There are 2 protein chains.
Amino acid sequence: MNETTLCPRLAKAMDLIGKRWTGLILYQLLDGSQRFNEIESALPVSGRLLSERLKELEKEGLVERKVYSEVPVRVEYSLTEKGRALEGAIRNIESWATNWL
Amino acid sequence: MNETTLCPRLAKAMDLIGKRWTGLILYQLLDGSQRFNEIESALPVSGRLLSERLKELEKEGLVERKVYSEVPVRVEYSLTEKGRALEGAIRNIESWATNWL
DNA sequence: TATATTTAATTACAAAAAGTAACTTAAAAT
DNA sequence: ATTTTAAGTTACTTTTTGTAATTAAATATA
């Protein structure tokens with residue numbers, strides 16, 4: 001495998017948001033801040049991977065994690081500005097899916 | 001894992017174009033019809049997976065495969081209308097990548 | 001004090017997908 | 001018969017995912 005890529009930034013974007021479940025997680029978060037279990041229930045993703053993906057998205061600055069020290073603990077995830085900036089792209093894919101699938 | 005998904009069509013789209021390398025393969029084909037080796041050289045994808053992905057994309061009707069019986073054989077891949085319809089979404093991601101990565 | 005409850009994870013292990021490199025096929029030129 | 005070249009395929013290793021059980025934390029309850 002060579003390492004020449006036409007557009008390294010697009011490659012990184014694809015690697016990030018093209019990772020399994022990530023697109024759907026972001027789509028789900030377009031509806032607003034949500035807690036861990038809400039996202040887990042809304043998507044066919046297991047807790048293990050949801051946790052992993054949310055960590056990646058947080059690290060990349062697309063998602064913000066907020067802990068509320070209630071009983072039991074409540075953790076809410078929401079899109080940052082960088083994450084919300086993907087809304088157009090996601091809506092575009094959604095619209096393609098509606099028209100072509 | 002549950003199976004309830006807000007938008008089954010978006011889920012399918014994400015499963016398809018979110019598969020590793022698929023986004024970049026489509027992006028590469030936006031430049032026009034290209035042969036197997038051209039795509040393989042342009043992207044950090046191995047022949048094994050490129051072959052697999054192109055087959056999936058052909059099966060889903062996003063890509064067309066044309067064989068030219070020259071010596072040695074020439075095989076060209078190009079986007080169908082359905083595939084080209086993704087251009088907006090891909091450009092959108094590209095533009096996000098430029099602005100945010 | 002010990003046990004129960006609830007959300008948000010983490011761990012352990014099996015299964016599937018991806019990475020890597022060598023090999024095969026086909027068709028014609030030497 | 002051997003060589004050449006593009007387009008794959010195969011065999012094998014490594015990484016990622018799927019699944020289910022387990023842990024952590026903070027309080028309420030017996």
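Chain letters run A, B, ... following the sequence lines, proteins first, then strands; residues in each count from 1. Only a predicted model underlies this, so the values are computations on that prediction, with no experimental measurement involved.
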Review point. If you look at every strand shown and take non-hydrogen atoms under 4.0 Å, does B/Y68 touch a base, only sugar-phosphate, or nothing?
Key: nothing
Review point. According to a strict under-4.0 Å criterion, is B/K55 in side-chain N/O contact with OP1 or OP2 of D/dA7?
Key: no
Check your understanding: Any side-chain N or O of A/R74 under 4.0 Å from OP1/OP2 of C/dA8?
Key -> no
**Study point:** Contact under 4.0 Å: B/Y77 side-chain N or O vs D/dG8 OP1/OP2
**Key:** yes
Exercise for review: Quickly work out the A/L49 CG to C/dA17 C1' distance and round it to whole Å.
Suggested key: 13 Å
**Study point:** Euclidean distance, atom CD of residue A/E58 to atom P of C/dA8 [Å, nearest integer]
**Key:** 14 Å
Revision key, fill the gap. A/E40 atom CD is separated from C/dT10 atom C1', nearest whole Å, by 13 Å
Check your understanding: Counting only side-chain N and O atoms of B/R65, is one of them less than 4.0 Å from OP1 or OP2 of D/dA7?
Key -> no
Practice item. Report yes if the side chains of A/R65 and A/K55 come closer than 4.5 Å at any heavy-atom pair, otherwise no. Key: no
Exercise for review: Round to the nearest Å and state the distance from A/E70 atom CD to D/dA25 atom P.
Suggested key: 18 Å
Check your understanding: Taking for each residue the nucleotide of DNA chain C bearing the nearest heavy atom, is the 5' side occupied by A/L54 or by A/R20?
Key -> A/L54
Exercise for review: Find the distance B/D15:CG to D/dT17:C1' and express it as a whole number of Å.
Suggested key: 13 Å
Exercise for review: Report yes if at least one side-chain N or O of B/R53 is closer than 4.0 Å to OP1 or OP2 of C/dA18; otherwise report no.
Suggested key: yes
Review point. For the side chain of A/T98 and the backbone of A/E94, is there at least one donor-acceptor N/O pair under 3.5 Å apart?
Key: yes
Check your understanding: Heavy atoms, side chains only, cut-off 4.5 Å: are B/L86 and B/L26 in contact?
Key -> yes
Check your understanding: Quick one: is B/R35 getting a side-chain N or O under 4.0 Å of the D/dA6 phosphate, OP1 or OP2?
Key -> no
Review point. Does OP1 or OP2 of D/dT17 have a side-chain N or O of A/W21 closer than 4.0 Å?
Key: no
Practice item. Go through D/dA7, C/dT6, C/dA9 for me and flag the one nearest to the A/P72 side chain. Key: C/dT6
Point to revise | Nearest-Å distance for atom pair CZ/C1', residues B/F36 and C/dT24 | key: 14 Å
Practice item. Using the closest heavy atom to pick a nucleotide of DNA chain D for each, name whichever of A/K19 or A/V71 lands nearer the 5' end. Key: A/K19
Exercise for review: Dump the intermediate steps for salt bridge (charged side-chain N to carboxylate O under 4.0 Å, His left out) on B/K12 and B/E60, then the final yes or no.
Suggested key: CA-CA 11 Å; B/K12 179 168 184 198; B/E60 293 293 331; 3.1 Å; yes
**Study point:** Distance, rounded to the nearest Å, where B/I39 contributes CD1 and D/dA7 contributes C1'
**Key:** 12 Å
Exercise for review: From the options C/dT7, D/dT17, C/dG19, select the nucleotide whose nearest atom is closest to the side chain of A/E52.
Suggested key: D/dT17
Review point. Looking only at heavy atoms, what is the nearest atom pair of B/L50 and B/V45, with distance?
Key: N-CG2, 3.9 Å
Study note, to complete from the structure: A/E38 CD to C/dT6 P, in whole Å, measures 17 Å
Exercise for review: Determine whether B/V63 and B/T80 make a side-chain contact, defined as any pair of heavy atoms from C-beta on separated by less than 4.5 Å.
Suggested key: no
Practice item. Indicate whether OP1 or OP2 belonging to D/dT9 is found under 4.0 Å from a side-chain N or O atom of B/S51. Key: yes
Review point. Less than 3.5 Å between a donor and an acceptor, one on the side chain of B/R48 and one on the base of C/dT20, is that the case here?
Key: yes
